[in-house]
2 protein chains.
Amino acid sequence: MRSRQTRTAVLGALSIQPMTGYAMREAIRTTLGHFWSESFGQIYPTLAELEQEGLVERGEGTRTGSSTFALTPAGRAHLRTLLADPPQPDPPRNGVLLRLFFGRVLGPEACADLVRDARDRAERQLAGLAAERTDTDHTAHADDSPYWLLTISAGEHAARATIAWADETLATLATLAAEGHGGEPPTSSKETP
Amino acid sequence: MRSRQTRTAVLGALSIQPMTGYAMREAIRTTLGHFWSESFGQIYPTLAELEQEGLVERGEGTRTGSSTFALTPAGRAHLRTLLADPPQPDPPRNGVLLRLFFGRVLGPEACADLVRDARDRAERQLAGLAAERTDTDHTAHADDSPYWLLTISAGEHAARATIAWADETLATLATLAAEGHGGEPPTSSKETP
DNA sequence: CCACGCATGTAAATCGTTACATGATTAA
DNA sequence: TTAATCATGTAACGATTTACATGCGTGG
């Protein structure tokens with residue numbers, strides 16, 4: 001069985017409206033993109049599985065060979081149980097912090113580049129979320145929209161936190177650089193005396 | 001070859017001080033725990049690989065059969081190149097937001113439970129980081145400690161952001177509940193008229 | 001002497017992405 | 001007509017965790 005998380009995402013997507021696998025991938029990428037992702041390789045097998053179990057129904061698509069999937073009553077019930085059981089915390093992996101932790105090897109200037117990149121990404125993220133907020137039609141899916149706004153807000157809080165941290169960090173790194181904690185040179189005199 | 005990320009973590013750990021595979025696992029879990037994780041199944045094969053490539057050296061351990069690994073000069077040089085190339089962004093997956101997005105199916109009260117849990121975790125995280133900050137001996141690894149503090153700070157910013165978001169969200173969910181957007185009942189009258 | 005912590009390693013299982021093969025439909 | 005987009009699915013690969021098998025050393 002595909003992971004419960006993927007099943008949740010797929011059934012959840014269909015709880016908004018029936019759609020094809022392709023459309024689901026697009027919907028997840030654009031709407032859930034700031035906190036979730038699924039690939040075709042997950043979506044199609046999961047849909048097939050859910051169909052076998054009678055949790056989704058395959059209907060006629062708009063073109064030959066395509067099908068729109070829809071939730072069955074059993075599927076909606078199953079989604080409720082999936083949503084109810086506690087989210088499994090995945091092990092944290094932050095590439096920026098990993099590099100920064102070993103920053104002594106790299107030196108303050110290179111670390112500052114790293115942090116500036118992270119800051120830029122957060123800034124763009126923030127702008128993107130603000131755009132989504134204003135662009136989106138709130139009347140179309142009025143019942144779902146308050147919950148959607150909560151996830152947007154989460155993204156904004158996280159991005160602002162990253163920006164604030166980055167600014168503090170850049171100041172710290174500047175003083176570190178001034179104090180002369182330079183990066184280790186490519187060929188260290190300690191290693192080849 | 002094991003992933004560059006894992007190699008970076010392993011070489012990085014040895015850049016602080018030589019240690020056994022077992023000790024490395026402990027060090028990563030306790031010190032890098034709030035932003036990174038590695039399991040034995042990754043660490044041992046990676047160490048063997050790096051040894052083959054002459055990037056780490058296996059020395060005598062304190063007991064029979066055990067070995068302490070240390071960085072070679074080539075290993076240190078390789079670590080610098082690994083740290084320099086840009087962090088690969090992994091696809092986001094936030095189980096709490098996934099559940100909240102489909103909150104309409106679950107109802108505002110159950111969503112509030114979810115958010116309260118997330119808030120609790122963030123609060124504990126914050127307390128844990130504060131404890132680490134005060135407990136740790138800054139003189140032992142003085143050269144690495146400023147960079148370590150930057151990662152602690154990142155965790156604190158993120159946790160505070162989660163707490164602030166959770167409080168806002170709980171207020172919003174309370175008004176939603178008051179307006180009567182209850183969860184869908186276990187047996188919907190729409191599905192069985 | 002025995003339970004627990006230190007220590008190493010492998011095998012299997014899980015989870016997920018990427019790339020490919022294939023074809024229909026539509027807009028230029 | 002041809003390129004782009006919609007659409008489905010599979011195969012291969014990669015990354016990572018978990019569980020297991022094994023044994024040394026030490027404190028109670």
Side-chain angles (χ1 to χ4, degrees), chain A residues 1-10 13-14 18-30 32-33 35-52 56 58-70 82 87-95 98, chain B residues 1-10 13-14 18-30 32-33 35-52 56 58-70 82 87-95 98:
Chain A
M1 205 209 314
R2 303 280 145 169
S3 78
R4 296 172 86 71
Q5 305 247 65
T6 296
R7 290 162 70 93
T8 306
V10 168
L14 295 181
M19 60 183 95
T20 67
Y22 186 90
M24 186 178 295
R25 152 70 191 243
E26 279 310 290
I28 289 176
R29 203 170 52 78
T30 61
L32 278 60
F35 65 86
W36 202 259
S37 79
E38 292 292 350
S39 59
F40 285 134
Q42 293 276 92
I43 290 173
Y44 283 116
T46 301
L47 279 171
E49 222 180 73
L50 294 170
E51 191 190 11
Q52 285 285 314
V56 309
R58 187 188 296 251
E60 289 289 298
T62 52
R63 49 172 75 193
T64 47
S66 85
S67 8
T68 52
F69 293 87
L82 284 178
Q88 54 194 64
D90 46 357
R93 291 203 129 198
N94 184 324
L98 181 68
Chain B
M1 207 211 311
R2 303 280 144 169
S3 78
R4 296 172 86 69
Q5 305 248 67
T6 296
R7 289 162 72 92
T8 305
V10 168
L14 295 181
M19 59 182 96
T20 67
Y22 186 90
M24 186 178 295
R25 153 70 192 242
E26 279 311 289
I28 289 175
R29 205 170 50 79
T30 61
L32 278 59
F35 66 86
W36 201 260
S37 79
E38 293 291 350
S39 60
F40 286 134
Q42 292 277 91
I43 289 173
Y44 284 115
T46 301
L47 279 170
E49 222 179 73
L50 293 169
E51 192 189 11
Q52 286 286 313
V56 309
R58 187 187 298 250
E60 290 289 297
T62 52
R63 50 171 75 192
T64 46
S66 85
S67 9
T68 51
F69 293 87
L82 284 177
Q88 54 193 64
D90 46 358
R93 290 204 131 199
N94 184 322
L98 181 67

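Each chain gets a letter, A, B and so on, in the order its sequence line appears, and its residues count up from 1.
- At its two ends the helix from dC1(C)-dG28(D) to dA28(C)-dT1(D) runs along axes set 20° apart, each axis drawn from five pairs and the angle rounded to 10°.
- Put simply, CD on Q88(A) is 10 Å from C1' on dC15(C), counting in whole angstrom units.
- One interatomic measurement links the two molecules: CZ of R29(B) to P of dA7(C), which rounds to 14 Å at whole-angstrom precision.
- Listed pair T68(A) / dA7(D) fails the phosphate criterion, with no side-chain N or O lying under 4.0 Å from OP1 or OP2.
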Between L14(A) and L47(A), is the side-chain contact (heavy atoms from CB on, under 4.5 Å) condition met? List the steps. CA-CA 10 Å; L14(A) 295 181; L47(A) 279 171; 4.2 Å; yes
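- At the heavy-atom level, G21(B) lies under 4.0 Å from the strands shown only through sugar-phosphate atoms.
- One can place OH of Y44(B) at 18 Å from P of dT16(D), the figure rounded to the nearest angstrom.
- In this structure, T68(A) contributes its side chain and E60(A) its backbone to a donor-acceptor pair below 3.5 Å.
- Residue S39(A) places none of its side-chain N or O atoms closer than 4.0 Å to OP1 or OP2 of dT18(C).
- For the pair R58(A) and F69(A), the cation-pi criterion (under 6.0 Å, within 45° of the ring axis) is not fulfilled.
- Nucleotide dT8(C) holds its C1' atom 13 Å from the CD atom of E51(B), rounded to whole Å.
- When all heavy atoms of P91(A) and S37(B) are compared, the closest pair comes out as CB-OG, 3.2 Å.
- Using a 4.0 Å heavy-atom distance criterion, R2(B) is classed as a base contact.
- Take the nearest nucleotide of DNA chain C for P45(B) and for R93(B): the residue whose nucleotide is more 5' is P45(B).
- Within a 6.0 Å radius of CZ in R4(A), no more than 12 heavy atoms belonging to other residues, nucleotides or ligands are found.
- In this structure, G65(A) reaches the sugar-phosphate backbone alone: every heavy-atom distance under 4.0 Å involves primed, P, OP1 or OP2 atoms, never a base.
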Between protein and nucleic acid, restricted to nucleotides 22-25 of chain C and to nitrogen or oxygen atoms under 3.5 Å apart, what atom pairs and distances do you find?
unit_1	atom_1	unit_2	atom_2	d
dA24(C)	O3'	T64(A)	OG1	2.6
dA24(C)	N3	R63(A)	NH1	3.3
dT25(C)	OP1	T64(A)	OG1	3.1
dT25(C)	O4'	R63(A)	NH1	3.4

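- The phosphate of dC6(C) (OP1 or OP2) has a side-chain N or O of Y22(B) nearer than 4.0 angstrom.
- The nearest pair of heavy atoms linking M24(A) to A13(A) is CG-CB, 3.9 Å.
- Listed for the E49(A) side chain is a donor-acceptor partner under 3.5 Å among the backbone atoms of R2(A).
- For dT16(D), one of the phosphate oxygens OP1 or OP2 lies less than 4.0 angstrom from a side-chain nitrogen or oxygen of S3(B).
- The distance from atom CD of E49(B) to atom P of dA15(D) is 10 Å, rounded to the nearest whole Å.
- Here R25(B) lies out of heavy-atom contact (under 4.0 Å) with every strand.
- In this structure, M24(B) atom CE and dC6(C) atom P are separated by 16 Å, rounded to whole Å.
- Of all non-hydrogen atoms in Q5(B) and L98(A), the two that sit nearest each other are O-CD2, 3.9 Å.
- Remark: C1' of dT18(C) and CD1 of I43(A) are 14 Å apart, rounded to the nearest angstrom.
- Taking the side chain of E38(A) as heavy atoms from C-beta on, and the options dG9(C), dT17(D), dT17(C), the nearest nucleotide is dT17(C).
- For dA7(D), the OP1/OP2 oxygens have no side-chain nitrogen or oxygen of S66(A) closer than 4.0 Å.
- Residues satisfying the side-chain contact (heavy atoms from CB on, under 4.5 Å) test with T6(A), not counting sequence neighbours, are S3(A), V10(A), E38(A), Q42(A), T46(A), R93(B).
- Looking at heavy-atom distances under 4.0 Å, M1(B) makes contact with sugar-phosphate atoms alone, never a base.
- F40(B) has its CZ atom 13 Å from the P atom of dG5(C), to the nearest Å.
- Here the closest heavy-atom approach between residue M19(A) and residue A27(A) is recorded as SD-CB, 4.3 Å.
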